[in-house]
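This report refers to the structure that appears directly beneath it.
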Amino acid sequence: MAATLNGVLENNLAESIIKSRLLMVGAGGIGCELLKNLVLSGFSNIEVIDLDTIDVSNLNRQFLFRKEHVGKSKAQVAKESALKFKADANIVAHHESIFSPEFGLDFFKQFTLVLNALDNRAARNHVNRMCLAADIPLVESGTAGYLGQVTVIKKKLTECYECQPKPTQKTFPGCTIRNTPSEPVHCVVWAKHLFNQLFGEDDPDQDVSPDTEDPELAAEAGQAALSTEAKKDTIGGIERKSTRSWAMETGYDAEKLFNKLFRDDIKYLLSMENLWKKRRAPQPLDFQELPGKGEAMCTGVMRDQRVWSVQECADIFAQSLAALKQDLYSKGDGGTLVWDKDDHNGMDFVCSVANIRAHIFGITLKSKFDIKSIAGNIIPAIATTNAIIAGLIVMETLKILSGNISKCKQVYLNRIPNDRKRLLLPCALDPPNPKCYVCSEKHECTVMLNTQKVTVRVLQDKILKGHLNMIAPDVEIDDGKGTIILSSEEGETEENYDKVLSVFAVGQSSRLKCDDFLQNYSLTINIVHVEKLEEEKEFEVVGDISQFHPTETTTESPVEGHTNGASKSKATEEEDDLLIVEDQVTPDLVSTGRKRPAEDQQDALLIKRKKQESNTEDNEDVIEIS
Amino acid sequence: MRRTKGPVLIVYKMAATLNKGTGLDKNNKYDRQLRLWGDHGQAALESSRVCLINASATGTEILKNLVLPGIGSFTIVDSCKVKGEDVGINFFLTVDSIGKSRAQVATELLSELNEDVAGDFLEEDVDDLLEKNPSFFSTFTTVIATQLPEKTLLHLGKVLWERNIPLIVCRCYGFIGYLRMVIKEHTIVESHPDNTHEDLRLDRPFKGLHEFCDSLDLNSMNKKDHSHTPWLVLLYKYLDIWKNMNGGKIPSTYKEKTALKELIKEGVRRNAEGVPDDEENFEEAIRSVNSSLHATAVPAEIQALFEDPCCLNLNTDSKNFWVMVRALKEFTENEGQGLLPLRGSIPDMTSDSERYIQLQTVYRDQAEIDATAVAGHVHALLHNIGREEPLNPDRTKKPGTLSDSEIRTFCRNAAFLTVLRCRSLEEEYTTETANLEELGQHILEEEEDANSDSDDTVLYILLRAADRFFTEYNRYPSYFDDTLDADIPKLKACLSKLLHDWGLTAGVKDDYVHEICRYGASELHTVAAFMGGVAAQEVIKVVTGQFVPINNTFIYNAQKQTSTTIIL
Ligand SMILES: [Zn+2]
């Protein structure tokens, strides 16, 4: 066959392919397909970054990995597998976090373009900023089940990844989780919190005991006094201490733990009568007298598919507790466990605990298969969708390399051809949002908070890192004096951490200048002081001051919730192929007026509806807490 | 040279099937896809036998996407030896395999992807195989043909059509991707429709629903119970009142529905000051009036299936699907009193869990009664066509019989049954039967749609012209670089002959002819990878019997990232 690739592609394009240097971030579902496509399209200088290791559940689609690779670095194995087919390709693998300082501006600047094959928003935000700072094109992509999307981001030419506010993520008020669960997901979140309280890293936001500061209790006179009394009573006269140390003292005794969590704590909740005036009251359980007692435990294949009886749950609770205790002790003093949806014991524990709690509160019980979905934020993933999307990515890449970036498209993959018979929906790229606090000239946003309650630590961890996706922020007050309240240099401002912002005279209309040298990014925050936000939120970010309408309730605001912790590396561990459909496809599809013919709208809304459904199941909040 | 001794079928990985249980936990390995098509979809996938013709880049990309999720087995038919240019674009052929059998090398490498999949190959020319041993293809669940010339393709299409074996044709030609589904009849129980009404029967309440709702008295309830009564019950009760006031009629107009909503609103409890309480369940009932009061009826699509000759004329060889459709028809005409079996599920709603579960049970029980009745018809019908002993309740499942769980799944999906009948390749390629109307319509739409620059249908015509070129010159246009200039006018001539035969006046711009010539029938890996995903997805739909496959042609323009589907 004489008609080679060179004949089909324009000559200068073939040359650009050979000369170009690509950075591929992520070597999961899309990454495996993409690396193969790149190598077989003639690209030979490729660097791959992925912190992840290979898991069994990757093997149904991540074809560069085999059974014997489980546990190894994705980046490294992907490189080795690809080199088998093209030994002369120059592939560099980094088994590292993309947030690592070694991948700074100079690192990014060496590439012709960057290809994202990521699975989480935090990393996408970061790469977005790095590419803007380095002024190199970025091809962004994602898949979820049968749906997928590819888009191109170029500074000053297109929208950036953060130009449009992301949809609100559902977060659950602490008192719903601790006192008044009404949906299975509330019990699952509680179960994961319990796991962390017993085995993981301590997080004060993950308390599992009854919450005596529930706003609904406010009316109850003398509640505080009553609760102190009851507290001593219900846990057998033991002074209140951390769940962890108490469990340790009992030697992780299943019966003692069970009776504390599911009998005594529930009795205590019952004493908060205000909660149960309009609700079904929970029913305490005793370890020795459980529904389903005496029934044989099913151990067959169907174990994960059917709903366990309460007795089974208690048995599995005891078994997994014992196994996890062993795991924990094997880590030595001060060791902790990290919850992982693919870990048998961790998953058994969360499933049994969530179901026992669901039973107590009269909530529908679920199978382990379903709970895994909720707890692990599992997004279905298949080889075919990734193959399609990876093909599209390379086509967009070729356009960029042939100097036709203006012809690039944002392409959506439908589940089935739409009413107009289109499986693919190519849309023109939108221009940058002039009010974007990331890619516009003026980097500004507005944050509503109570300056007398929010500490510098919350500002750093939850607002700047968790919400605004900075990695190492410095903050000074724009007060003419340049008072520095936060420094990324270790030890410089530690004494400020627990002080609230008002201590530094930060109040209504204060401006904070925040700077992240790692991202080459700076941002001015306009503070709006509010006494109280809905649903116990500590703060709320409004992208632009003009979007700030104090009369509207928070439901309208583009808020992600404060649990989105970019600094928690656990986020990268989620299913390879994206969240972008959740993150990005949805809002874009919703605003069809901008870019789609009217007849496509129904189709778009359909997808929106579906996504909303799955949102309630795959709640990001659930993972981020892990 | 191209033939080995006789049709040798070498089983490459026999060990695979023995590996079950000792290998990886399949539930873990397939976890992310089980969430799309379920255990039974996976079981169907695992029992499928797929044949691939030609281990081209397109072919191996398709197979890769089928081996990974775990089809039962595959067989590659290919008489070619690996050449240098294959290696550059095909991930499953390596440099050191040049000169070896393409079928064998690809089989070996693809088999490595999943130890639970058995792979084998046949180094044999397809034309010869079709000539000498056409029944070879009878053993497959699905056949995938890639990069085949028109003559061979039509022959293959005929052989498979006669045997009722689904054929999926896939082809990558430069920046063009082409897919054609050729399935005589494909029946789908689980079509997974996007937008469906719940099957609640509020307009035609069944006995259990009557009894349950009538047993509840809203007036005597305490505050908590009142505000936790499921909206379904509320709607039932207020509908009852409304019917009594309106001569037994169900509200159908906007005005009537608004009146019903007002009626429900008045039922909200008030506090001592006369202010209405916050009763979420009443709000839900009001919100549900529009969506829940549609008339329950057998959908037109299902009515059409009832009148289908396959349903009316059952015989020993009838598909299980048609036996069940017939049983459904008989149920509808008898026990069902004009309705399909109840689906048996209810949506989430505000309720205490006790009454929610009771309500769930009411629906589930009726669904069970209906499904049992349908099963009765199924077994009687099977007996009539001589396929089953009727009086043995403890049947072990035999081919041609039906299990209770199959019948239940069928009943749950009774409103969404879909039958796909594609046109044959012969019909498409014979001028008299070609769907020229559809083709002309598509071209017109593309020309008139000034907003979109889609030209996918033109690409189809160009592919057909290139095929005609092949028939005349025994090579594709510009297959050899040095013939580019000479081939352009020749291809133009083929194109105008084709359009003339079809009686189409559409003008195809010269640019397209040049472009097609420039492609020289080459396969680009990226296009092959894309089409590999699309085609494998269609194979999975066919094999699992879930989701509705594309009918019948899909065209992808990689340069513009556009695509279309068209019935040809
Ligand atoms: Zn932006």
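Below, chains carry the letters A, B, ... as their sequence lines are ordered, and counting in each starts from 1.
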By a 4.5 Å heavy-atom criterion (distance strictly below it), what part of A/K86 contacts chain B: side chain, backbone, both, or neither? neither

Determine whether A/K372 and A/D342 make a side-chain contact, defined as any pair of heavy atoms from C-beta on separated by less than 4.5 Å. yes

Check each atom of B/F175 against the heavy atoms of chain A and say whether the ones under 4.5 Å are side chain, backbone, both or neither. side chain

Which portion of B/H442 sits near chain A, non-hydrogen atoms under 4.5 angstrom: side chain

If you tally heavy-atom pairs under 4.5 Å against chain A, which of B/G84, B/A529, B/G532 wins? B/A529

So do A/T384 and B/V534 actually touch side chain to side chain, heavy atoms under 4.5 Å? no

Is chain A contacted by the side chain of B/V87, its backbone, both, or neither, given a heavy-atom distance below 4.5 Å? backbone

So that I can tick it off, tell me whether B/R35 and A/D370 are bridged by a salt bridge, with the cut-off set at under 4.0 angstrom between side-chain N and carboxylate O. no

Any side-chain heavy-atom pair of B/I555 and B/T457 under 4.5 Å: no

Contact origin within B/K560 toward chain A - heavy atom pairs under 4.5 Å: backbone

Under 4.5 Å from any heavy atom of chain A, what part of B/L34 do you find: side chain, backbone, both or neither? both

For side chain to side chain donor-acceptor pair (under 3.5 Å), just list the numbers for B/T526 and A/N37, CA-CA rounded to whole Å, side-chain angles, deciding distance to a tenth of an Å, and then say yes or no. CA-CA 6 Å; B/T526 293; A/N37 289 358; 5.0 Å; no

Cation-pi check, B/K64 onto B/F92 ring (under 6.0 Å, within 45° of axis): no

Evaluate the criterion side chain to side chain donor-acceptor pair (under 3.5 Å) for residue pair B/Q358 and B/Y356; output intermediate values, then yes/no. CA-CA 5 Å; B/Q358 281 169 1; B/Y356 183 76; over 6 Å; no

Indicate yes or no: at least one non-hydrogen side-chain atom of B/Q561 is less than 4.5 angstrom from one of A/L392. yes

Under the side chain to side chain donor-acceptor pair (under 3.5 Å) criterion, do B/K29 and A/N58 qualify, and how do the steps go? CA-CA 7 Å; B/K29 186 164 75 173; A/N58 300 148; over 6 Å; no

If you tally heavy-atom pairs under 4.5 Å between each of B/F91, B/F530, B/Y30 and chain A, the highest tally belongs to B/F91

Need one label for A/F369: side chain, backbone, both or neither, based on atoms under 4.5 Å from any heavy atom in chain B. both

Quick one: what part of A/R280 sits under 4.5 Å from any heavy atom of chain B, side chain, backbone, both or neither? both

Looking only at B/L113, B/L66, B/D96, B/V548, most heavy-atom pairs under 4.5 Å shared with chain A are made by B/L113

Let me know if B/E515 has heavy atoms under 4.5 Å from chain A in its side chain, its backbone, both or neither. neither

Side chain, backbone, both or neither: which part of A/I393 has an atom under 4.5 Å from a heavy atom of chain B? neither

Structural part of B/S227 lying under 4.5 Å from a heavy atom of chain A: neither

Would you mind checking which part of A/E396 comes under 4.5 Å of any heavy atom in chain B, side chain (CB onward), backbone (N, CA, C, O), both or neither? both

Would A/K67 and B/E115 count as a salt bridge (charged side-chain N to carboxylate O under 4.0 Å, His left out) here? Give the steps. CA-CA 9 Å; A/K67 192 173 72 173; B/E115 59 180 15; 3.4 Å; yes

Is B/I62 in contact with chain A via its backbone, its side chain, both, or neither, using a 4.5 Å heavy-atom distance? neither

Derivation of the salt bridge (charged side-chain N to carboxylate O under 4.0 Å, His left out) call for B/E445 and A/R420: CA-CA 11 Å; B/E445 276 172 25; A/R420 296 181 68 239; over 6 Å; no

Answer with side chain, backbone, both or neither: which region of B/N90 has an atom nearer than 4.5 Å to a non-hydrogen atom of chain A? backbone

